K.L.:
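Sending over a structure as structure tokens; questions will come in a sec.
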Amino acid sequence: MTEVIMPQVGQDIPSAIIVEWLKQESAAVSKGDVIATVESDKASFEVEADTDGVLLKILHDAGEEVEVFKPIAYIGAKDETLESIPAADTATATRPGTAAAPPTAAPPTAPATAPGRMTASPAARRRAAEQGVELGAITGSGPGGRIINRDLAQSATAIAQPADNDDVRPFSRLRRRIAQRLTASKQTIPHFYLFIDVDMTTTETWRRAWRQEHGLKITATHVVTRAAAMALRDFPGINAHVDAEKLIVKPDINIGLAVSVDDGLLVPVLDKADQRSLQEIVTGSTEIAGAARRGTVDPSHSGTFTITSLGMYGISKFMPIINPPECAILAIGAVEKRAVPVNDAVAVREMMTLTLAADHRGVDGAVAAQFLNRLKALLEEFDHD
């Protein structure tokens, strides 16, 4: 008998909702068959059968939320009985809109709060930090006046009560997740920003000729992705994850590419980007961007560095927010004609501004500056193979 496991659906995402079962109990399945679709805060995913057999038991119905790595069904032989299958762990799954069953024994009552002292549950403190809410302005309804999650939700409702003529647009799950992650990033990560101008004249001339010759759309972002992958080889400390206590240098260079989707932003990952040719980067990034816009991303590769671009909208430069747990993100501005000094004269060149946002806990300014200068050199003397 084989367990069907709720897959890991992205970094720092503890659970997902079962959207639909494509196979029903007692149905025959083959290895690789898609038997269900699940949805996280970021995207939807397909769950495949790991073996041939029969779908003996579905543990959680469509609409239920289940922790990652928990079983959601069992596959076995046609003549196998169901007696050995354990009951679903109801503590790990709840239906949206319903509350979990209360514990059989009430927890001990917390001691009364001392006068003038404000207490809050860990969950409430975390939520307040994510939302930028001052706890001192909240009245607690928990034991001893303790602030709990419910109090924060009620306070937010009171503060953000819309007027009758307002156009109210509730956040989707994706939008809520983006808001939480980016708020936490800005509040907990000490960002610093470096800017550098790159002369793209030679590369742009080559890019237009190559595009016409091969009929394959190649953009400045593709070129920068290739160069950044090469530069990260020389600066492994930037190809890393970071937290309050350590820097974790990653052996593979997996570049996340920010992609605009309906009501949000996804960051699909181009794995082992430094081992890909420019043409492979073009085709690979096109594939993962298309999958992201269809609402599916591959969670098997963890990003180590992110690239985001607004150049296609004519934005010269902007300051991005780091995608945790990564320690840096690169923003690409538009390639535009500018009058710049060249050999003691003024010339019109095709210029681009790059912005690097780095986490000062793991990266120092000098190292970040050296990385940007290396990237500039690679772009201005680009190896187009």
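Just so it is clear, the structure is predicted and the values come from calculations on it, not from any experiment.
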K.L.:
Taking atom types as modelled, find out whether E326 and T304 have a side-chain donor-acceptor pair closer than 3.5 angstrom.
P.N.:
no
K.L.:
V223 versus T221: any side-chain heavy-atom pair under 4.5 Å?
P.N.:
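Of all side-chain heavy-atom pairs linking T221 with V223, none is under 4.5 Å.
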K.L.:
If you measure from NZ on K23 to CD1 on I35, what distance do you get to the nearest 0.5 Å?
P.N.:
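Between K23 NZ and I35 CD1, I get 9.5 Å after rounding to 0.5 Å.
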K.L.:
With rounding to the nearest 0.5 Å, note down the distance linking CG in L232 to CD1 in I253.
P.N.:
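If we round to the nearest 0.5 Å, L232:CG and I253:CD1 are 5.0 Å apart.
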K.L.:
So which heavy atom on K272 is nearest to which on D252, and how close?
P.N.:
CE-OD2, 3.7 Å
K.L.:
Indicate whether any N or O donor in one side chain lies under 3.5 Å from an N or O acceptor in the other, for S15 and E65.
P.N.:
yes
K.L.:
Whether the R207 and T202 side chains hold a donor-acceptor pair (N or O, under 3.5 Å, no angle test) is what I'd like checked.
P.N.:
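The criterion, which ignores hydrogens and geometry beyond distance, is not satisfied for T202 and R207.
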K.L.:
Of D359, I329, I322, which meets side chain to side chain contact (heavy atoms under 4.5 Å, CB included) against H191?
P.N.:
I322
K.L.:
Testing the basics here: between D197 and K376, what is the closest heavy-atom pair and its distance to 0.1 Å?
P.N.:
O-NZ, 2.6 Å
K.L.:
At their closest point, which heavy atom of A228 faces which heavy atom of I307, and how far apart are they?
P.N.:
CB-CD1, 4.0 Å
K.L.:
In terms of hydrophobic clustering (I, L, V, M, F, W, Y; side-chain heavy atoms under 4.5 Å; direct or indirect links), are F371 and I255 co-clustered?
P.N.:
yes
K.L.:
If you define the side chain from C-beta out and look only at heavy atoms, does anything of E20 sit under 4.5 Å from L22?
P.N.:
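Side chain of E20 against side chain of L22, heavy atoms only: contact under 4.5 Å found.
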K.L.:
Would you check if L56 and E25 make a side-chain contact, meaning some heavy-atom pair closer than 4.5 Å?
P.N.:
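Heavy-atom side-chain distance check fails, nothing below 4.5 Å.
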K.L.:
With K31, which of T2, D50, I75, D52 fulfils side chain to side chain contact (heavy atoms under 4.5 Å, CB included)?
P.N.:
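Of the listed residues T2, D50, I75, D52, the side chain to side chain contact (heavy atoms under 4.5 Å, CB included) partner of K31 is D52.
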K.L.:
So, does S277 use its side chain to make a donor-acceptor pair with the main chain of E280 at under 3.5 Å?
P.N.:
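Yes, because the side chain of S277 sits within donor-acceptor range (under 3.5 Å) of the backbone of E280.
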K.L.:
If I take atom CE from residue M351 and atom OG1 from residue T201, how far apart are they, to the nearest 0.5 angstrom?
P.N.:
7.0 Å
K.L.:
Distance check, rounded to the nearest 0.5 Å: K57 atom NZ versus Y74 atom OH?
P.N.:
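The distance works out to 11.0 Å.
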K.L.:
Can you tell which of T283, D271, T225 makes a side chain to side chain donor-acceptor pair (under 3.5 Å) with R276?
P.N.:
D271
K.L.:
To check you understand the geometry: which heavy-atom pair defines the closest contact between N373 and I196, and what is its length?
P.N.:
OD1-CD1, 3.8 Å
K.L.:
Are P268 and V259 close enough that some pair of their side-chain heavy atoms sits under 4.5 Å apart?
P.N.:
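Yes. Closest side-chain heavy atoms under 4.5 Å.
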K.L.:
Do R181 and N323 come within less than 4.5 Å of each other through their side chains, counting heavy atoms only?
P.N.:
yes
K.L.:
With a 4.5 Å cut-off on side-chain heavy atoms, are H241 and C327 touching?
P.N.:
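Counting from C-beta outward, C327 and H241 never come under 4.5 Å.
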K.L.:
Quick check against the 3.5 Å criterion: does T203 have a side-chain atom that pairs as donor or acceptor with the backbone of L379?
P.N.:
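A pair under 3.5 Å: yes.
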K.L.:
Should L330 and L270 be counted in the same cluster of Ile, Leu, Val, Met, Phe, Trp and Tyr side chains packed under 4.5 Å apart?
P.N.:
yes
K.L.:
Any chance you could measure D274, atom CG, to N254, atom CG, to the nearest 0.5 Å?
P.N.:
8.5 Å
K.L.:
Parallel under 30°, tilted from 30 to 60°, perpendicular over 60°: which one fits the rings of F192 and H360?
P.N.:
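Correct class here is tilted.
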K.L.:
Look only at the side chain of E350 and the backbone of M200, and say whether a donor-acceptor pair between them is shorter than 3.5 Å.
P.N.:
no
K.L.:
Are the side chains of I321 and S185 in touch, meaning some heavy atoms are under 4.5 Å apart?
P.N.:
yes
K.L.:
Minimum heavy-atom separation for P320 and A357, please, with both atom names.
P.N.:
O-CB, 3.7 Å
K.L.:
With a 4.5 Å heavy-atom cut-off, do I58 and I72 have their side chains touching?
P.N.:
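Not touching, per the 4.5 Å side-chain cut-off.
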K.L.:
Is the backbone N or O of E245 less than 3.5 Å from a side-chain atom of D243, with the two atoms forming a donor-acceptor pair by type?
P.N.:
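Between the backbone of E245 and the side chain of D243 there is a qualifying donor-acceptor contact (under 3.5 Å).
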K.L.:
Considering all heavy atoms of both residues, which atom of I238 and which atom of F305 are nearest to each other, and what is their separation?
P.N.:
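For I238 and F305, the tightest heavy-atom pair comes out as CG2-CE1, 3.9 Å.
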K.L.:
Is it the case that the side chain of T355 and the backbone of F318 share a donor-acceptor pair, with hydrogens and angles ignored and the cut-off at 3.5 Å?
P.N.:
yes
K.L.:
How many angstroms lie between atom OG of S309 and atom CE of M352, to the nearest 0.5 angstrom?
P.N.:
9.0 Å
K.L.:
Is there a donor-acceptor pair closer than 3.5 Å between any side-chain N or O of N239 and the backbone N or O of P236?
P.N.:
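Not confirmed, N239 side chain does not pair with P236 backbone.
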